[in-house]
Amino acid sequence: MTNAALLPRPLVTRVAGTAPWRGVAAPEPGAHGVIVTRHPGAAESYRLRVDESGIEISAADDAGVFYAGRTLAQLATRDGEGWVVPAIEIEDAPRFRHRGFMLDVARHFFPVEVVTALIDRLSDLKLNVLHLHLSDDQGWRLAMATRPLLTERASATAALGDAGGFYTADDYRTIVAHATSRHMTVVPEIDMPGHTHAVSLAYPDIACDPVLSPHIDEVVAAYGGGVPTRDEPYTGFAVGFSSLRTDLEETYDFVRDVVGELAALTPGPYLHLGGDEALGTDRADFDRFVARAARLVIEAGKIPVTWHEAGATPDLPEGTIGQYWGFRTPIEGMDEKARGFVRRGGRVILSPADAIYLDMKPDADEPLGLTWADGPTSLERSYDWDPAEVVPGVAEADILGVEAAMWTETVRTAADIDRLIWPRLASAAEKAWSPRGIDAADFHGRVARIAWRPLGGVS
């Protein structure tokens with residue numbers, strides 16, 4: 001398979017007017033000499049040929065046609081009133097099925113307009129999954145008909161004391177529909193049993209008191225925000241202090257309600273349960289909760305996804321997907337937890353924090369972002385890894401895909417998202433789509449030529 005951006009440009013084909021693929025639609029047969037046909041092949045694959053006679057696309061499915069259009073958009077350059085496209089032949093297909101981006105809308109809330117504009121930018125890079133982190137200690141962001149107190153009591157605030165917000169069911173449907181039109185799957189996440197202080201504001205009977213520790217004191221000293229207190233909204237950055245009560249049947253009634261309603265709203269196959277940093281939950285209680293919650297997801301007709309901590313849960317259902325957020329070189333047994341999903345017939349999504357956690361500062365002088373993932377993450381470091389080499393014992397066939405993440409403790413606006421994700425988002429996109437062995441210098445040269453369309457103008 002050939003990466004279009006690596007090929008020479010011996011001649012050009014002129015396209016009159018605005019190229020039809022520059023917008024959201026895929027090229028149409030006959031438009032400006034574009035011929036579109038179908039061929040048997042891997043999902044999302046396509047062949048693209050441009051010469052003096054016109055443009056020909058052959059694709060395995062509608063997604064392949066769409067991604068051929070994204071490639072054309074990257075190759076096209078303005079020439080007066082028209083566009084020019086290099087003469088080129090490409091045969092292309094993604095390395096991994098899951099090519100994702102996670103947006104944390106719990107620490108700071110972002111309206112529908114920002115999310116849909118972000119979807120457009122992600123699809124330009126051939127990403128096909130939007131993972132929405134919809135709940136955390138700082139807020140609950142989706143209205144639930146079965147549990148209305150979640151947004152009535154737990155959605156108004158955000159990190160740093162900012163205003164919160166939430167999506168109605170119709171808002172969520174709008175996001176899903178927009179993603180679907182770009183061949184993108186939405187994966188909703190409700191984080192449990194930790195990261196649940198917001199739940200405690202709405203349904204205190206199923207939540208434990210905050211578990212305080214020296215770590216909490218350290219975070220408060222570094223970033224402010226105060227110590228988490230029962231019955232009070234939390235706007236700081238500390239993690240690991242909250243927990244649902246795993247010993248109550250009422251807790252599982254809550255999970256069943258939320259999971260069932262969210263599954264009904266979500267056409268995609270996955271539902272993310274969180275399961276990370278549950279430091280306020282006894283390990284045996286954590287295992288019991290995660291295993292049962294994952295079974296409730298399956299009963300609702302979805303495939304459960306959890307963060308890698310749940311890979312050590314003995315009774316985790318077969319086929320559960322794990323998301324690894326450890327470092328490029330695993331520490332503290334995180335790799336063994338990731339292997340646990342594979343042993344149970346599941347696969348792994350790779351989100352190495354010291355490479356593609358895009359809320360990490362790109363350099364020490366950047367005012368936004370954090371540095372806990374082994375210091376600032378430069379563009380060079382974001383590219384310096386390979387998915388098949390991160391977790392020993394997790395082979396390429398065991399990897400569902402790659403997913404960049406944007407946590408939003410310090411990220412308040414669309415312009416802040418822009419500032420931190422670009423150009424490092426391109427590293428994640430390339431690792432997810434392109435074959436192994438592409439030279440880093442070549443990547444950096446190509447990234448420098450990409451015009452990122454800023455989100456900052458979206459209110």
Side-chain angles (χ1 to χ4, degrees), residues 101-122 130-145 147-179 186-192 194-203 223-226 228 232-239 242 258 261-262 265-266 272 274 276 357-359 368-370 404-421 454-459:
F101 179 82
M102 189 224 71
L103 178 65
D104 169 17
V105 297
R107 271 54 176 269
H108 277 99
F109 179 74
F110 295 91
V112 171
E113 294 77 13
V114 171
V115 178
T116 54
L118 179 62
I119 287 168
D120 291 342
R121 281 37 163 200
L122 299 176
L130 175 66
H131 168 180
L132 286 176
H133 185 78
L134 292 166
S135 70
D136 215 296
D137 294 312
Q138 294 81 359
W140 184 281
R141 305 303 183 202
L142 181 63
M144 311 297 294
R147 296 285 174 163
L149 296 183
L150 288 166
T151 46
E152 289 179 21
R153 298 179 179 177
S155 67
T157 56
L160 300 173
D162 292 344
F166 65 91
Y167 305 117
T168 66
D170 283 344
D171 290 335
Y172 183 77
R173 291 187 187 100
T174 296
I175 291 170
V176 169
H178 194 78
V186 173
V187 177
E189 179 189 353
I190 301 300
D191 207 345
M192 302 180 282
H195 290 270
T196 47
H197 187 80
V199 175
S200 76
L201 302 179
Y203 297 96
Y223 301 106
E232 296 292 332
Y234 182 67
T235 62
F237 293 0
V239 297
S242 57
V258 169
E261 190 168 347
L262 193 54
L265 287 169
T266 304
H272 204 303
D276 60 319
Y357 262 33
L358 304 184
D359 53 299
L368 295 176
L370 303 173
M406 168 59 73
W407 302 100
T408 60
E409 288 94 337
T410 70
V411 178
R412 300 166 120 160
T413 67
D416 291 346
I417 296 174
D418 277 330
R419 185 179 181 114
L420 286 177
I421 69 173
L455 289 165
V458 181
S459 61

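When a residue number appears, it is its place in the shown sequence, counting from 1.
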Grab the two heavy atoms, one from Leu160 and one from His108, that are nearest each other, plus how far apart they are. CD1-CE1, 4.0 Å

Could you tell me if Thr157 and Tyr234 have a donor-acceptor pair between their side chains, going purely by distance under 3.5 Å? no

Between CD1 of Ile175 and CG of Asp170, what distance do you get to the nearest 0.5 Å? 11.5 Å

Paired with Leu134, the side chain to side chain contact (heavy atoms under 4.5 Å, CB included) test is passed by just one of Val258, Asp104, Ile190, namely Ile190

Going by heavy atoms in the side chains, are Leu132 and Val186 under 4.5 Å from each other? yes

In Å and rounded to the nearest 0.5 Å, what is the OG1 to CZ distance from Thr410 to Arg419? 10.5 Å

Give me the atom names and distance for the closest heavy-atom approach of Trp407 to Val411. O-CG2, 3.9 Å

For Asp359 and Met406, indicate whether the former's side chain and the latter's backbone hold a donor-acceptor pair under 3.5 Å. no

Would you confirm whether Arg141, through its side chain, and Gly165, through its main-chain N or O, come within 3.5 Å as a donor-acceptor pair? yes

Using the rule given for side-chain hydrogen bond (donor to acceptor under 3.5 Å, both in side chains), can you reason through Asp191 versus Ser135, listing the C-alpha separation, both sets of side-chain angles and the distance that settles it, and then say yes or no? CA-CA 6 Å; Asp191 207 345; Ser135 70; over 6 Å; no

Test your reading of the model: is there a side-chain donor-acceptor pair from Asp162 to the backbone of Ala158, 3.5 Å cut-off? no

Classify the angle between the aromatic ring planes of His133 and His195 as parallel (below 30°), tilted (30 to 60°) or perpendicular (above 60°). perpendicular

Heavy-atom donor-acceptor pair, Glu189 side chain to His131 backbone, under 3.5 Å: no

Is any side-chain heavy atom of Phe101 closer than 4.5 Å to one of Leu358? yes

Any donor-acceptor pair under 3.5 Å from Arg107 side chain to Ala159 backbone: no

Is it the case that the ring center of Tyr223 lies less than 6.0 angstrom away from the ring center of Phe237? yes

Looking only at heavy atoms, which two atoms of Gly139 and Ala106 are closest? And how far apart? O-CB, 3.8 Å

For the residue pair Leu142 and Leu150, establish whether any side-chain heavy-atom pair is separated by less than 4.5 Å. no

Do Tyr172 and Pro188 make a side-chain contact, defined as non-hydrogen atoms from C-beta onward lying under 4.5 Å apart? yes

Show your reasoning for whether side-chain hydrogen bond (donor to acceptor under 3.5 Å, both in side chains) applies to His178 and Asp120. CA-CA 9 Å; His178 194 78; Asp120 291 342; 2.9 Å; yes

Between Thr196 and Met192, is there a donor-acceptor pair closer than 3.5 Å when you use the side chain of the first and the backbone of the second? no

Name of the residue among Leu122, Val176, Val187 meeting side chain to side chain contact (heavy atoms under 4.5 Å, CB included) with Leu130: Leu122

Locate the shortest heavy-atom distance separating Ser242 from Asp137; write the atom from each residue and the value. OG-OD1, 2.6 Å

Do you know which two heavy atoms are closest between Met144 and Leu262, and how far apart they sit? CE-N, 4.1 Å

Between CD on residue Glu152 and CH2 on residue Trp140, distance to nearest 0.5 Å: 14.0 Å

Residues at least two apart in sequence or cross-chain that pass side chain to side chain contact (heavy atoms under 4.5 Å, CB included) with Asp418, listed by chain then number, are Trp452, Pro454, Leu455

Side-chain contact test, heavy atoms from C-beta onward, threshold under 4.5 Å: evaluate it for Ile417 versus Thr413 and give yes or no. no

Gap separating the CG atom of Leu368 from the CG atom of Leu420, nearest 0.5 angstrom: 5.0 Å

With rounding to the nearest 0.5 angstrom, report the CD to OG1 distance, Gln138 to Thr408. 8.0 Å

Hits for side chain to side chain contact (heavy atoms under 4.5 Å, CB included) against Glu232, two or more places apart or cross-chain, chain-then-number order -> Thr229

All heavy atoms of Thr235 vs all of Gly225, minimum pair found to be OG1-O, 4.4 Å

Does Ala145 offer a backbone N or O that forms a donor-acceptor pair with the side chain of Glu261 under 3.5 Å? yes

Does a donor on one side chain sit under 3.5 Å from an acceptor on the other, for Thr174 and Asp171? no

Does some side-chain heavy atom of Val105 sit less than 4.5 Å from a side-chain heavy atom of Tyr167? yes

Do Leu118 and Ile421 have side chains that approach each other closer than 4.5 Å (heavy atoms only, starting at C-beta)? yes

